[in-house]
Each structure stands twice: as structure tokens, then as C-alpha cells.
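For reference, the structure is listed below as C-alpha cells.
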Amino acid sequence: METLVRLPEDSAPSTISEVLAALRKEHLEPRHESKAWGDWIYLEGYNTVISIEANRGLCGSATIEHGEGDDDGEPVASILRAFGRLGWMGMDD
């Protein structure tokens, strides 16, 4: 399952650093990797990953790819709270 999160169109984009800081406030340990095919945020101890659309360090849309074997509701609930702090909104795919 995937969950799409994004900023409302009239909002200023977030920086990758702001996203990582928000995830840390939810007691997650994120690691950002920039690949030729996109940016990814991996969470220590979880199979769930976040594919984030970044352009020069600014982002406004991401997809949470729910990992198999992760506890029911976690870490997705924490991820959604982190993005919510930044004004992002989520919707299930």
C-alpha cells in the first residue's frame, strides 16, 4: 500500500532538512539518499520508505511506501504526523 502526501498548492515548499527534522521529532531515524532516479528517505528499523520529489532541496510531494512486516499503523502514523507538522496532507492510494 502507498500513501501520497503533499503540500497544498498555495504553500511554500519544504526543504529536505525540514522533512528530516520533522521525522526526528516523531522519534524516527531518517536517512536521506539522492539517487539518479529520485530521492528516498529510509527509516532505521523499518521496511517502510518514503519516495520524495525534491528539486534543489525543495519538496512538496512524497509517497510513503508501506513496508511488509512493519507493525500495524507504525511507522506510517508517525510519518503522517511529521508531514502534518509541515502542513502536508495525506491521502491513501
Side-chain angles (χ1 to χ4, degrees):
M1 187 166 110
E2 296 179 343
T3 301
L4 178 66
V5 290
R6 69 174 84 179
L7 276 170
E9 289 185 25
D10 60 343
S11 298
S14 300
T15 65
I16 291 284
S17 296
E18 290 171 330
V19 171
L20 296 174
L23 291 166
R24 287 185 190 106
K25 285 182 182 179
E26 291 297 325
H27 308 288
L28 297 169
E29 296 178 37
R31 183 181 84 246
H32 172 243
E33 289 187 17
S34 184
K35 306 280 187 183
W37 59 88
D39 287 71
W40 295 86
I41 298 174
Y42 298 92
L43 304 171
E44 183 69 33
Y46 293 103
N47 294 319
T48 297
V49 297
I50 304 166
S51 169
I52 190 160
E53 293 181 24
N55 185 8
R56 296 183 180 168
L58 298 176
C59 44
S61 178
T63 302
I64 303 164
E65 298 183 15
H66 304 234
E68 286 189 37
D70 285 342
D71 292 335
D72 211 17
E74 285 298 330
V76 176
S78 296
I79 295 169
L80 291 174
R81 281 193 301 272
F83 279 105
R85 278 185 191 181
L86 299 172
W88 294 49
M89 303 172 87
M91 63 187 337
D92 284 333
D93 188 23

As an exercise, state the distance from [atom1] of [X] to [atom2] of [Y], rounded to the nearest 0.5 Å.
X	Y	atom1	atom2	value
Leu28	Arg81	CG	CZ	8.5 Å
Ile52	His32	CD1	NE2	7.5 Å
Glu68	Met1	CD	CE	13.0 Å
Arg31	Leu20	CZ	CG	11.5 Å

Heavy atoms only: give me the nearest [X]-[Y] pair and the separation to one decimal.
X	Y	answer
Leu43	Pro75	CD1-CG, 4.1 Å
Gly87	Pro8	O-CD, 3.3 Å
Ala62	Trp88	N-CZ3, 3.7 Å
Leu7	Pro13	CD1-CA, 3.6 Å

Minimum side-chain heavy-atom gap [X]-[Y] below 4.5 Å:
X	Y	answer
Glu65	Thr63	yes
Ile41	Val19	yes
Leu4	Ser61	yes
Pro30	Arg24	yes
Glu18	Leu86	yes
Asn47	Tyr42	no
Ser14	Leu58	no

> How far apart are the C-alpha atoms of Tyr46 and Val76, what are their side-chain angles, what is the distance that settles it, and do they pass the side-chain contact (heavy atoms from CB on, under 4.5 Å) test?
Replying inline: CA-CA 10 Å; Tyr46 293 103; Val76 176; over 6 Å; no

> Do other residues, nucleotides or ligands put more than 12 heavy atoms under 6.0 Å from Glu33 CD?
Replying inline: yes

> How about Arg6: does its CZ atom have over 12 heavy atoms from other parts shown lying under 6.0 Å from it?
Replying inline: no

> With no hydrogens and no angle check, is any side-chain donor or acceptor of Asp39 less than 3.5 Å from a backbone partner on Glu53?
Replying inline: no

> Are the side chain of Glu26 and the backbone of Leu23 linked by a donor-acceptor contact shorter than 3.5 Å?
Replying inline: no

> Is the closest side-chain donor-acceptor distance between Thr3 and His66 under 3.5 Å?
Replying inline: yes

